[in-house]
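For reference, the structure is listed below as structure tokens.
Given the structure is predicted, the values throughout are model-derived calculations rather than measurements. Positions are given from 1, in the same order as the sequence printed here.
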Amino acid sequence: MSTAGDEKYIKEVVLSTVEKCGACGRAYSFDNVTILGHEEELWFLMVVCDGCNIRGLIAALIKEHKRPQVITDLIEGESVKFAGKVTTDDVAAVRDFLNDFDGDFASLFGKRE
Ligand SMILES: [Zn+2]
């Protein structure tokens, strides 16, 4: 059974929301999604497109008994888009996470050939 906190469930949620690459339209699969980590209910994932190799950062707010919310395009800086209703606290949590995560994140993104 899939529940909040389960990595397969998290990926399912993300793939059901971010179905395909925004640049070339290629559909994402489980293999394209990597879980980076989470801060309580806020999960961070990276997607890499097989078609054009574009990488994106996705944040997903996964709460028990509530409809999951996926926040995408954080990599593009200020143009953060929200799918669903997200509070300013959630946004602050994302920013805090990214601030703390910066070093690892850069190396993670640079790793793939
Ligand atoms: Zn693509």
* Contact summary for His38 and Phe44, nearest pair of heavy atoms -> CA-CD1, 4.4 Å
* Asked: How long is the span from the CD1 atom in Ile58 to the CD1 atom in Ile10, to the nearest 0.5 Å?
  -> 12.5 Å
* Supply the atom-to-atom distance Trp43 CH2 to Lys11 NZ, rounded to the nearest 0.5 angstrom. => 11.0 Å
Donor-acceptor pairs are to be reported for all side-chain atoms of residues 21-29 against protein atoms at under 3.5 Å, with residues two or more places apart or in another chain.
{"from": "Ser29", "atom 1": "OG", "to": "Asp31", "atom 2": "N", "distance (Å)": "3.4"}
{"from": "Ser29", "atom 1": "OG", "to": "Asn32", "atom 2": "OD1", "distance (Å)": "3.2"}

* Going by heavy atoms in the side chains, are Leu57 and Leu36 under 4.5 Å from each other? -> yes
* Asked: Are any non-hydrogen side-chain atoms of Ile62 and Tyr9 less than 4.5 angstrom apart?
  -> yes
* State plainly whether the residues Lys8 and Glu12 are in salt-bridge range, i.e. N to O under 4.0 Å. => yes
